[in-house]
Amino acid sequence: MLDRAFFQRDPVRCAQELIGCELVWNSCAGVVVETEAYAAVGDEASHTFVRPSTRAFVERHEAGAAYVYFNYGMYWLFNVLVKGGAVDGFVLIRALQPTRGVALMRRRRFPGPAGLKPRPVETLCSGPGKLAIALGITGEQHGIDLCRNPKKAFHAGSGSRIAWVSDVRIGISKAAHLPWRFLAAENPHVSVRESAGRG
DNA sequence: ACACGGATACTA
DNA sequence: AGTATCCGTGTC
């Protein structure tokens with residue numbers, strides 16, 4: 001399980017090194033294949049820029065705390081607090097390659113009677129809203145310590161370190177030019193492929 | 001292309 | 001109270 005020291009560095013470096021790690025969430029798990037870094041200071045796209053409540057969250061929680069928030073009236077988005085390095089911030093987990101609990105993920109993502117054609121595994125966690133549904137992450141887990149319980153934690157990736165590429169952040173209207181999105185190279189489980197000419 | 005839908009932080 | 005905004009997804 002990744003310890004607190006892992007998250008006591010700057011968010012960009014954490015976002016890079018989380019690629020290839022495994023996120024374990026109860027009986028489900030997946031390899032992190034897409035992340036984005038946000039800085040707590042000077043980053044217009046970070047909640048800390050406009051929300052006093054988020055700035056208070058940074059103050060009151062330790063590195064490795066889960067920051068879960070509700071967006072677009074429908075989706076929970078899962079971040080981890082990074083604190084204690086050169087700058088504080090968050091890493092948004094944007095996509096996973098499922099490794100355990102795939103059947104349960106499929107039930108959560110596509111409830112109701114089992115369809116005649118099952119959705120491909122690449123669609124289960126290929127986005128921040130999708131992976132929260134697939135893992136069962138909600139606001140109930142907001143603020144929990146991800147360095148305490150191995151059943152809700154990041155774990156070092158098995159085998160060799162996965163190669164990542166960087167790209168601009170997506171889905172935001174401000175400070176989107178920063179190359180703070182990181183993806184596992186040529187991985188079909190990411191939300192959006194890297195734009196041309198990057199890496 | 002568009003609808004879906006709620007928390008947060010503004011203005012007043 | 002009313003308004004603008006928001007790190008998204010599925011279907012049109």
Gap in Å between the two C1' atoms, one belonging to C:dT3 and one to B:dG5, rounded: 16 Å
Side-chain heavy-atom pair A:Leu96, A:Val32 within 4.5 angstrom cut-off: yes
Heavy atoms from other residues, nucleotides or ligands near CZ of A:Arg109 exceed 12 (cutoff 6.0 Å): yes
For DNA chain C, the residues among residues 13-26 of chain A that have a non-hydrogen atom under 4.0 Å from it: none
Backbone N/O of A:Ala134 and side chain of A:Arg108: donor-acceptor pair under 3.5 Å: yes
Cation-aromatic face contact A:Arg51/A:Phe57, 6.0 Å, 45 degrees: no
Salt-bridge contact A:Asp167-A:Arg181 (side-chain N to carboxylate O under 4.0 Å): yes
Pair pattern of DNA chain B in dot-bracket, where unpaired bases get dots and | marks partners in another strand, Watson-Crick or G-U under 3.5 angstrom: .|||.||||||.
Any side-chain heavy-atom pair of A:Val41 and A:Thr48 under 4.5 Å: no
More than 12 heavy atoms from other groups under 6.0 Å of CZ on A:Arg148: no
Donor-acceptor side-chain pairing of A:Thr54 and A:Tyr67 below 3.5 angstrom: yes
Between B:dA7 and C:dG10 - C1' atom distance, rounded Å: 22 Å
Geometric cation-pi criterion, A:Arg9 with A:Phe6: 6.0 Å, 45°: yes
With A:Ser191 via side chain to side chain donor-acceptor pair (under 3.5 Å) - residues at least two apart: A:Glu34, A:Arg94
Per-nucleotide protein contact string for nucleotides 2-7 of chain C (B base, S sugar-phosphate only, - none; heavy atom under 4.0 Å): ----BB
side-chain N/O A:Arg109 vs C:dG10 OP1/OP2, d < 4.0 Å: yes
Residue pairs fulfilling side-chain hydrogen bond (donor to acceptor under 3.5 Å, both in side chains) with at least one residue in residues 122-135 of chain A, sequence neighbours excluded: A:Ser126-A:Lys130
Nucleotides bounding contact with chain A, strand DNA chain B, heavy-atom threshold 4.0 Å: B:dC4 to B:dC10
A:Asp43 side-chain N/O to A:Ala45 backbone N/O, donor-acceptor pair under 3.5 Å: yes
A:Glu140 CD to A:Trp76 CH2 distance, which is reported to the nearest 0.5 Å: 8.5 Å
